[in-house]
Number of protein chains: 2
Amino acid sequence: MATYLAERLGELIDLSVNERVALERLEQRERTLRRGGVLVREHDRLTELYVLKRGTMMSYVILPDGSRQILRFLFRGDLIAMAGLVYRSSPETVIALTACAVAPLDRSAVADLAVAHPRLSALLVAVGQIERVALTDRLAGLGRTSAKSRVAALLIEIRDRLRTLDPTIDGAFTLGLTQEQIGDATGLTAVHVNRMLRKLEEDGLIARDGGQFTMIDEPGLARTAHHNERRSGLDLGWLPDAR
Amino acid sequence: MATYLAERLGELIDLSVNERVALERLEQRERTLRRGGVLVREHDRLTELYVLKRGTMMSYVILPDGSRQILRFLFRGDLIAMAGLVYRSSPETVIALTACAVAPLDRSAVADLAVAHPRLSALLVAVGQIERVALTDRLAGLGRTSAKSRVAALLIEIRDRLRTLDPTIDGAFTLGLTQEQIGDATGLTAVHVNRMLRKLEEDGLIARDGGQFTMIDEPGLARTAHHNERRSGLDLGWLPDAR
DNA sequence: CGGCGATTTGATAAATGTCAAATCACGTGG
DNA sequence: CCACGTGATTTGACATTTATCAAATCGCCG
């Protein structure tokens, strides 16, 4: 049986058998969405959380003038709609970029997990911090870097996430986003995204063929993106013992 | 005895006596900083977390070109350097905007708390979500709103945070930031911040006198800021029982 | 072959940044 | 009490980045 949460958390620490069983139990149910399907709509009442089992999704908000800000791209093993742990209604819309399957789980399952498996609960606090730092990296990008940097940063971020799911991916990958979506994630217009992609190409940093991207000069791309490699600096040695 | 964490978390749920005692124990130690003092420097090794007891602080990152992005303003009861739960070195610098006192605590204290008080551990997960949503609100602001909106949003955010600490504060308050700091928080230059403040004044939304701000038309200000009121929509009924 | 969304390109406009200088505010030393 | 020094604010002129609008082209699916 595939175990999505255990796979994700298992990249951070070695899980005990008991912990794996508890995590698997959370993912029993399954709900599928076709491409473009809406899992959660902004302002709708939130009753469940989800684990993404297959496919990729994104979350976004719509501003009063109709413009869209994409907040996050979601991949296998990601927890979705965790804001439901706090807010009655969803602060964001979550839709499927590809055909997807999610496992819905009740908020009470998180409560039960906290009681039965303190280490996993503490690990959820830690995972929250990883995501918080990822958000602050993006915040600094939007606030203080050029359009070119932001587009480069998005390419690197997506490639890195795809690679953790599939280690055979190297410099070449399929982004799976339209230029409008890239713009909504980076705070730019689709037209300007197009120009920046071409500039990255002219700079010899990437090559393009349809939706396929190839990183030609990865260090150079990371430099123009002002990219911070965070993955290597992890330390979870403080966690309590497993049950 | 003042209890900073308990005060903060007590706004979210009713704490049990045992929980209060456990939280108080975390805050025994104290370290003071003068105005401008550095609590944590970006890239430095992180060994402790902190609870802010008195004063206000801010966290920021410096980009390769020397520009600064302020990530967060910190007030009494805020947890600081939580990234230390995950990363060996700090992703951000934290400095005191006023004279401050913090309580340092070990990461192992969080582990102990998770084991002894599952509800508090789950609550920390929830608090992480509150902060995540606050960050996504700012992300959408930086990506998709005008300079005027961003400045207005900052004024509202700071005023609201000051008011939860001191309910006597109404439309009038002391921001305690230079225009350069406002710019570094909103992704603008100090010069442009100045112009936007004047425009907000001309629009009849605010009045200024030195560092003192007064909200003249609060609904109008909230509208131009595209402000989302999140505080009222909380629901933590799913938490496990207290110990 | 037709249609439609996505991409590409050019011309122009709007928002914001940069640079420079004047003014203001306030604490310090004389 | 006053003069000065220093950082913050304010203002104007001009530059740059990015958005907007419009049109052409591309790619793919039915």
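Keep in mind the model is a prediction, meaning the values are calculated, not measured. Below, read A as the first sequence line, B as the second, and so on, with proteins coming before strands; counting in each chain starts at 1.
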Between [N] ([atom2]) and [X] ([atom1]): distance, integer Å:
X      : N      : atom1 : atom2 : answer
B/D65  : C/dT18 : CG    : P     : 9 Å
B/E180 : D/dA8  : CD    : P     : 7 Å
B/L142 : D/dT17 : CG    : P     : 20 Å
A/I182 : D/dA19 : CD1   : P     : 14 Å
A/L197 : C/dT9  : CG    : P     : 11 Å
B/N194 : C/dC24 : CG    : C1'   : 12 Å
B/E202 : D/dT11 : CD    : P     : 9 Å
B/Q181 : D/dA8  : CD    : P     : 8 Å

B/R208 side-chain N/O to D/dT10 phosphate OP1/OP2 under 4.0 Å |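 Yes, such a contact exists.
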
Nucleotide nearest [X] (side chain, heavy atoms from C-beta), chosen from [options]:
X      : options                : answer
B/T189 : C/dT18, D/dT9, D/dA19  : C/dT18
A/V191 : C/dT16, D/dT20, D/dA19 : D/dT20
A/R198 : D/dT11, C/dG17, C/dT9  : C/dT9

Cationic tip of B/R68 within the cone over B/Y60's six-membered ring, i.e. under 6.0 Å and within 45° of the normal?
-> yes

Check this for me, if you would: do [X] and [Y] make a salt bridge, where the nitrogen-to-carboxylate-oxygen distance has to be below 4.0 angstrom?
X     : Y      : value
A/E11 : A/R231 : no
B/K53 : B/E27  : no
B/E7  : B/R76  : yes

A/Q212 and A/T174: side-chain donor and acceptor closer than 3.5 Å?
->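 Short answer, yes.
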
Looking for any heavy atom pair under 4.0 Å, which part of the strands does B/G187 touch: base, sugar-phosphate only, or nothing?
->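 Sugar-phosphate contact only - B/G187 comes under 4.0 Å of backbone atoms but never of a base.
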
Have a look at A/T178 and say if it touches a base, only the backbone sugar-phosphate, or nothing, with a 4.0 Å heavy-atom cut-off.
-> sugar-phosphate

DNA chain C: A/L177 or A/R144, which has the more 5' nearest nucleotide?
->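 It is A/L177 whose nearest nucleotide is closer to the 5' end.
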
Would you say the side chain of A/R195 and the base of D/dT20 hold a donor-acceptor pair, judged only by whether the two atoms sit under 3.5 Å apart?
->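 Such a pair exists between side chain and base.
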
